[in-house]
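The following block contains the structure, expressed as structure tokens.
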Amino acid sequence: MALGACSQTTTPTLENRDLGSNVKIFDPSMSTAEIQAAVDAIKVQQLNAEFGEGRYALFFKPGTYGTPEKPLLIDVGYYTEVVGLGRTPNDVVINGHLNVYNRCLETEAGKPSNCVALDNFWRSASNLTVKVAGGADCQKDTNFWAVSQAAPLRRMNIIGKFSLMDYCSAGPQYASGGFIADSRFSGTDAVTNGSQQQFMVRNSEVPGWSNGVWNQVFSGVVGAPASSFGTTGSDGKPANPYTTLSTTPVSREKPYLYLDAQGAYQVFVPGTRQNTSGVSWASGAESSGRTLPLTSFFIARPTDSVATMNAALAGGRNLLFTPGMYTIGQSLKVTRANTVVLGLGLATLTAQSGAVPMTVADVDGVDIAGLTFDAGPVNSPVLLKIGTTNAGGSLTNPVALHDVFFRIGGPHLGQATTSLEVNRSGTLLDHLWVWRADHGEGVGWTMNTADHGVIVNGNDVTATGLFVEHFQKEEVIWNGERGQTIMFQNEMPYDPPSQTAWTNGATLGYAAYKVADNVKTHQGWGMGSYIFMNVDPTVHASQAFVVPVASGVQLHSLLTVQLNKGLGIIDHVVNQTGDPVTGDPATGKPAGTPSMVINFP
């Protein structure tokens, strides 16, 4: 089925739909001024809509947009996805910028102030070439992507200077952490990490990396710096905190839409790769994978019932969510192997009446991508459940999650005991942000209640880019064997009212990442946990990481950080190893200075 413009001219049936008015499709025959006006209108609406309901996908057909003299300048706001519709990133070229700047929350004396990047969440860009050009003042020669969690770049080809920190909007500010995959950066300058606290780059190419704050993790990245985490340079100063794996042990890129030679929409589902480095499209369109016509998908809209979507799934259809907010009062059931569930424009599924919004049966090869799961005001036992047992599962054709995000509170009151439960062995978790909200609506210790972010019961589960924050008990529990995590970022909950309220038997607080006592084999690289207690500053966590002492359990490049002086203490990094972070240099690591453990044991 070929798709036309954003609006439809005939009444659609359930089998014949366009992608809705929130998908904006641009053609190279359109003038730069026309496209600029359209993207600017969405920017104005979405730039400060942190908890708004607008959802947008900006699609660019193959061709060239803008010129060095008249560049196209795209500012990417909340819940906005910018996508090239080529088979490779080289098919869509933008002369200009694809920027995320600091978000300025106040104005003083006619000038923006309180400009930060710490809350620049929920946006993405993929499958494009950007030739950096144009802009004003210090912005003109650098593309800025000043983001924190849930703001991935995938399949990007950036030609020119690139910075993960905005140093133009009222000066540089901290950005908390982010994710890049399958992307190439070229030019004479290294990628500027700037103020990014942690960052994950997977299967990409870089001309170098400029610096680091607490932990920068590279997996299968051509041109990545050598590992130097926790070491001292020749000048006697701490080296940049880099953790580098030469290859990624297992990966599968996110499914994506493209236009074929006849102008029809297809979805390409990349194959699973083992021990790889560099981009998948280095020699052109990747051959490992499968192409699905859009006619194989049920194209869902927010007005569709769960019963209608389940009937489509049961009938052998894949499922594509158009941009919008979906109320889910009973489970969406994925029961067929190799099903693709793809969200556009950060489509959001909100649990209603304590429902589990989605379950996946004990089948292989399912891809779930580009979705946000929101808890509702009635507690859900879990928001996404993968499999029922840890039997079966395929390392060559795993269930895979790509850019899947979870929220407990923030836009509204939400409660869920666990966000993600992984029972199926051989599952791949490729960039998740699992967040119990620390700000927004419905936020408080007895309001947005949530015990755990992720529970992994399956064996041979791999996580590449795992962000889990603020849960009230263990944030990640790993019960399966042979698990591996490449880059983990965590903030402990801000809001325990007292130590008594946040105590686990004889242990103070709860671990950010716990590997079960009976596990024999587990590995982790580039893992950080932070503490900031804004209710009771005297609260301790005994340790951030808890693992069994076994020869097959090995963690590398671990750190803890106390974010503000005197507001919470982590006593050890892993088990009883690692100096405390107290915020006070007289008793431990001062605020903002990590306590590091290079290898454990």
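Keep in mind the model is a prediction, meaning the values are calculated, not measured.
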I need the minimum non-hydrogen distance between Tyr78 and Asn48, along with the two atoms involved.
CD1-C, 4.2 Å

Do Gln489 and Gln149 have a side chain donor and acceptor closer than 3.5 Å?
yes

Would you say the side chains of Ser280 and Asn203 form a donor-acceptor pair under 3.5 Å?
no

Between Arg202 and Asp182, does any NZ, NE, NH1 or NH2 come within less than 4.0 Å of an OD or OE carboxylate oxygen?
no

Are Tyr326 and Phe321 close enough that their ring centres sit under 6.0 Å apart?
yes

Would you say Ser296 and Asn318 are linked by a side-chain donor-acceptor pair, where the criterion is simply a distance under 3.5 Å?
yes

Aromatic rings Tyr167 and Phe144: how do their planes relate, parallel, tilted or perpendicular, breaks at 30° and 60°?
perpendicular

Please determine whether side-chain hydrogen bond (donor to acceptor under 3.5 Å, both in side chains) holds for the pair Thr396 and Thr272, giving the CA-CA distance in whole Å, both sets of side-chain angles, and the decisive distance to 0.1 Å.
CA-CA 6 Å; Thr396 58; Thr272 306; over 6 Å; no

Can Lys61 and Asp91 be counted as an ion pair, charged N to O under 4.0 angstrom?
no

Tell me the closest heavy-atom pair linking Leu395 and Val250, and the distance in Å.
O-CG2, 4.2 Å

Would you say Thr276 and Thr247 are linked by a side-chain donor-acceptor pair, where the criterion is simply a distance under 3.5 Å?
no

Ring pair (Phe, Tyr, Trp, His ring centres under 6.0 Å) partner of Phe121, the single match among Phe179, Trp433, Phe467
Trp433

Run the numbers on Ile180 and Met156 for side chain to side chain contact (heavy atoms under 4.5 Å, CB included), then give the verdict.
CA-CA 9 Å; Ile180 292 171; Met156 294 295 293; over 6 Å; no

Does CD in Gln274 sit with more than 12 non-hydrogen atoms of other residues, nucleotides or ligands closer than 6.0 Å?
yes

Between Glu81 and Arg55, is a salt bridge (charged side-chain N to carboxylate O under 4.0 Å, His left out) present by the stated rule, with each step listed?
CA-CA 9 Å; Glu81 179 184 25; Arg55 301 288 187 274; over 6 Å; no

Should the ring pair Phe406 and Phe373 be called parallel, tilted or perpendicular, given that the plane angle runs from 0 to 90° and is split at 30 and 60?
parallel

With a distance cut-off below 6.0 Å to the six-membered ring centre and an angular limit of 45° from the axis, does Arg317 pair with Phe297 as a cation-pi contact?
no

Which atoms form the tightest heavy-atom contact between Leu371 and Met358, and what is the distance?
CD1-CE, 4.1 Å

Looking only at side chains, do Thr308 and Ser305 share a donor and an acceptor under 3.5 Å apart?
yes

Quick one, Arg155 with Glu286, criterion salt bridge (charged side-chain N to carboxylate O under 4.0 Å, His left out). Give me CA distance, side-chain angles, the key distance, then yes/no.
CA-CA 12 Å; Arg155 294 176 61 82; Glu286 57 270 72; 2.8 Å; yes

May I ask you to check whether Asn338 and Asp364 show a side-chain donor-acceptor distance below 3.5 Å?
no

Assess the residue pair Arg252 and Asp367 against the criterion (side chain to side chain contact (heavy atoms under 4.5 Å, CB included)); give the C-alpha distance rounded to whole Å, side-chain angles, the decisive distance to 0.1 Å, and a yes or no.
CA-CA 10 Å; Arg252 183 158 81 222; Asp367 280 283; 3.3 Å; yes

Tyr79 and Trp122: aromatic ring centres closer than 6.0 Å?
yes

Minimum heavy-atom distance Leu313-Leu319, with the two atoms named:
CD2-CB, 4.0 Å

Between Thr32 and Pro71 the two heavy atoms that sit nearest each other are CG2-O, 3.9 Å

Tell me yes or no: between the side chains of Arg123 and Tyr56, is some donor less than 3.5 Å from an acceptor?
no

So, do Tyr65 and Phe26 have ring centers that fall under 6.0 Å from each other?
no

Which label fits Trp209 and Phe199: parallel for a plane angle under 30°, tilted from 30 to 60°, or perpendicular past 60°?
tilted

Name the residue from Val92, Leu259, Asp27, Val23 that meets the side chain to side chain contact (heavy atoms under 4.5 Å, CB included) definition with Phe59.
Val23

Residues Thr464, Asp430; criterion side-chain hydrogen bond (donor to acceptor under 3.5 Å, both in side chains); working and verdict:
CA-CA 5 Å; Thr464 50; Asp430 186 43; 2.7 Å; yes

Asp18 side chain to Gly20 backbone, donor-acceptor under 3.5 Å:
yes

Pair Asp403 + Arg154, salt bridge at N-O below 4.0 Å:
yes

Is it true that the NZ or CZ of Arg87 lies under 6.0 Å from the centre of Tyr258's six-membered ring and within 45 degrees of the ring axis?
yes

Side-chain donor-acceptor contact under 3.5 Å, Asp374 with Thr348
no

Which heavy atom of Ala175 sits nearest a heavy atom of Ala117, and at what distance?
CB-CB, 4.1 Å

